[in-house]
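Reading through the structure tokens given below for one structure.
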Amino acid sequence: MRIIVVGGVASGASFASRHRRLNENDEIIIYEKSNYISYANCGLPYFIGEVITNKSNLTLQSPELFLKRFNILVKVNHEVINIDKEKKEIEVLDRKNNIKFIDKYDKLILATGAKAIKPNLPGIELENILTLRNVEDTFKIKDFISHNNVESVAIIGGGFIGVEMAENLCKIGKKVHLIELGGHILTNYDEDMVPLLEKEMRKNGISLLLKKETLSFRKEDNYIRIDFKDGDNLKVNAVILAIGVIPDNELLKKADLQLGIKGSADVNEQFQTSDKNIYAIGDLIQVRNSISKTNGLISLAGPANKEGRYLADILNGVHEKFEGIFATSIIKIFDLVGATTGLNEKVIRTLKKEYEKVIIAPLSHASYYPGASTLTIKLLFDKNNYEIYGAQIIGKEGVDKHINVIATAIKAKMKAYELKDLDLAYAPPFSSAKDPINFLGYISDNIHKGLIKQFYIEDIPMILKNQNNVLIDVRTNYEYSLGHIAGSIHLELDKLRINHNILDKNKKIYIHCQSGLRSYLACRYLSNIGYETYNLAGGYYFYSLNKDDEKETLTSKCR
């Protein structure tokens, strides 16, 4: 069988090498329109930031190695420009020699990936406006910055690439402005978790311009002037577009294959398109989320590689179908790390599902061992059956291992309260005797057993408006003096047993401390003697992160 793969990066290269490991007889040809195959997309910003200094480290394989090791013919600088489904032929452009030719296939694998969104705005074609999607883009940006006296850069878009580019440009001494149309960066995170990451960016000198809609670009001497819808403007030496990506679907449309979300390939569980001999994988396709059971676009290297491997297994009878993914991801922002898995609150609400959330702020390892730092963890789960929907974690260390445990628990279909039973490694330099993941399970178990009821920071305004409610703060006098929720009553935990009589048992008692532990103790005591109590998820710590006067405000005028 003759198999042609269009696209030789993550999914295409993964498919081809896996297929060869399973099948020595099939002929495999890869056509890649760029100069490189199997390159490290996720490492591109770090080359610009001089964390990765050797160009060769960005390319994981070469055409020569693919031929020697796998007997797979790879033709770079070759662009497939048309498909004839009836004849099972493709038209190929040899970009280097400007020659077109026809090739035949038995099975065609489309792995063309995604392309950067380039909005149709006045001035968008100026030479100072760049995009980052492949190795060639990386070298172009690096050369432009190095040879054109670039001191200031505007990055448009606050997704993964935009944020990573902002950090790396900042590290090589550039003044960076990150422009985002929405209210916060990284839209896969919940709005109440992002302030930690935004604060870290500002602390390191990055200017965040949120809720800014770009209207146009124009050249002024050595600068590009960016005009915004609100009347502001910004002058910089260069602009990098990181608005997002869309499926590179020109071949899909030319072949009249069925399209899905945003022009992606609509494929079945075997990655088959509407033509039985044409398959699609990677960023080109819409993917089924195995938690929400809905289709979406997920442009991540991990899923793309898995899809290539799964397709090879399917074609060789090793695997029956692909069951979907739930998009676990991680990002480094200076000294902080953020990670997510599964669904966030916005998506859960869109799906109209009832859910509960647990928010904790434990230390990354035992408090008595030097160097411990705070982890902020949010777990989301079904309110009725306790199925885990997703989680988000932000901290300095241990973020990766904890998010991976939760991702594994989701895959294993564990209940939130079952996290308490996980037998996780402990030593003082690495964790606490009660691991943060176990703590999530303990709280979920207490909710499940009716031992605790929660309220959230968004509930506080309505709680304070109702005279039948009382909001009490059980922290110490010193903590209370440093900042507290206006309208709360201060009643220290260790004096609660002698002072509880000032509380009215006919009223609902809403309790908080710094992180949620002491208020839980207060809830248990007061509940045991006849009060109706609720504990604030995340405590005053989480509330303070999201206070309007605590979030660093941005000047409306740009520099």
Side-chain angles (χ1 to χ4, degrees), residues 41-51 114-119 121 123-134 137-146 148 150-189 194 197-219 222-229 232-246 299 331-334 336 338 552 554-555 558-559:
N41 296 68
C42 302
L44 301 182
Y46 299 98
F47 179 77
I48 292 170
E50 298 177 359
V51 178
K115 57 186 177 182
I117 295 172
K118 198 170 183 179
L121 296 175
I124 195 71
E125 299 299 334
L126 290 169
E127 64 174 358
N128 302 49
I129 301 177
L130 308 161
T131 59
L132 177 61
R133 186 60 190 164
N134 55 35
D137 292 340
T138 307
F139 297 158
K140 183 178 179 181
I141 291 171
K142 186 70 173 171
D143 289 344
F144 186 88
I145 289 173
S146 301
N148 288 278
V150 171
E151 296 180 353
S152 59
V153 182
I155 298 170
I156 301 182
F160 285 115
I161 294 296
V163 170
E164 289 172 345
M165 279 298 298
E167 176 187 355
N168 280 280
L169 287 167
C170 184
K171 283 188 171 181
I172 58 173
K174 308 306 174 186
K175 174 59 184 174
V176 180
H177 304 265
L178 183 65
I179 300 163
E180 168 57 42
L181 178 62
H184 64 84
I185 63 171
L186 299 171
T187 56
N188 55 322
Y189 289 77
V194 171
L197 300 174
E198 293 178 340
K199 183 178 180 181
E200 182 73 5
M201 296 186 76
R202 296 190 190 104
K203 185 181 77 174
N204 284 277
I206 293 173
S207 167
L208 292 184
L209 304 174
L210 306 177
K211 298 181 180 179
K212 287 287 186 183
E213 183 175 352
T214 303
L215 290 184
S216 64
F217 307 93
R218 57 178 163 171
K219 190 81 179 289
N222 193 37
Y223 295 94
I224 290 182
R225 171 173 163 156
I226 307 171
D227 288 306
F228 300 106
K229 188 175 181 179
D232 286 347
N233 65 78
L234 174 69
K235 290 183 180 181
V236 292
N237 299 126
V239 174
I240 296 176
L241 298 177
I243 299 170
V245 295
I246 54 174
S299 297
I331 188 170
K332 184 186 85 69
I333 303 178
F334 296 99
L336 280 184
E552 185 172 338
L554 301 169
T555 57
C558 306
R559 291 182 293 163

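When reading the values below, keep in mind they use all heavy atoms of this one structure, side chains included, and skip hydrogens, waters and symmetry mates. All of these numbers come straight from a predicted model, not from anything done at the bench.
- Rounded to the nearest 0.5 Å, atoms CG (L126) and NZ (K219) are 7.0 Å apart.
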Pairs under 3.5 angstrom only: tabulate donor-acceptor contacts from the side chains of residues 152-164 to other protein residues two or more places apart or in another chain.
from, atom 1, to, atom 2, distance (Å)
S152, OG, N237, N, 3.1
S152, OG, N237, OD1, 3.4

Verdict with reasoning, L186 to I333, per side-chain contact (heavy atoms from CB on, under 4.5 Å): CA-CA 12 Å; L186 299 171; I333 303 178; 4.1 Å; yes
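- The nearest pair of heavy atoms linking S299 to V245 is OG-CG2, 3.4 Å.
- H177 is not listed as a side-chain neighbour of I226, based on a closest heavy-atom distance of 4.5 Å or more.
- The closest donor-acceptor contact from the side chain of Y189 to the backbone of G338 lies under 3.5 Å.
- For E213, the salt bridge (Lys or Arg N to Asp or Glu O under 4.0 Å) partners at least two apart in sequence or on another chain are K229.
- Checked against salt bridge (Lys or Arg N to Asp or Glu O under 4.0 Å), K142 has the following partners two or more places apart in sequence or in another chain: E50.
- Interatomic distance, CE of M165 versus CD1 of I48, reported as 3.5 Å (0.5 Å rounding).
- For K211, there are no salt bridge (Lys or Arg N to Asp or Glu O under 4.0 Å) partners, not counting sequence neighbours.
- Taken to the nearest 0.5 Å, the CD atom of E200 stands 4.0 Å off from the CG atom of L336.
- Side-chain atoms of L210 and I185, non-hydrogen and from C-beta on, do get closer than 4.5 Å to each other.
- Considering only residues two or more places apart in sequence or on other chains, F139 meets the ring pair (Phe, Tyr, Trp, His ring centres under 6.0 Å) condition with F47.
- Every residue two or more places apart in sequence or in another chain that forms a side-chain contact (heavy atoms from CB on, under 4.5 Å) with D137 is listed here: T131, L132, R133, N134.
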Determine, step by step, whether T214 and F228 satisfy the side-chain contact (heavy atoms from CB on, under 4.5 Å) criterion, reporting the C-alpha distance in whole Å, the side-chain angles of both residues, the deciding distance to 0.1 Å, and the verdict. CA-CA 5 Å; T214 303; F228 300 106; 3.7 Å; yes
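- Once rounded to the nearest 0.5 Å, the distance linking CZ of F217 with CG of L234 reads 10.5 Å.
- In this structure, E151 has no salt bridge (Lys or Arg N to Asp or Glu O under 4.0 Å) partners at least two apart in sequence or on a different chain.
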Would I145 and L169 satisfy side-chain contact (heavy atoms from CB on, under 4.5 Å), going step by step from the backbone distance to the final call? CA-CA 10 Å; I145 289 173; L169 287 167; 3.4 Å; yes
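- Annotation: the span from D143 atom CG to T138 atom OG1 amounts to 10.5 Å, rounded to 0.5 Å.
- To the nearest 0.5 Å, atom CG of residue N204 and atom NZ of residue K199 are 12.0 Å apart.
- The minimum heavy-atom distance between V150 and A238, with the atom names listed, is CG1-CB, 4.2 Å.
- Scanning for side chain to side chain donor-acceptor pair (under 3.5 Å) contacts around R218 gives an empty result, with sequence neighbours left out.
- Remark: E167 pairs with K171, K332, F334 by the side-chain contact (heavy atoms from CB on, under 4.5 Å) rule, at least two apart or across chains.
- Residues satisfying the side-chain contact (heavy atoms from CB on, under 4.5 Å) test with K118, not counting sequence neighbours, are I124, E125, L241.
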Could you walk me through whether N222 and N148 pass side-chain contact (heavy atoms from CB on, under 4.5 Å), step by step? CA-CA 9 Å; N222 193 37; N148 288 278; 5.8 Å; no
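- Not counting sequence neighbours, the partners of S216 by the side-chain contact (heavy atoms from CB on, under 4.5 Å) test are P122, D227.
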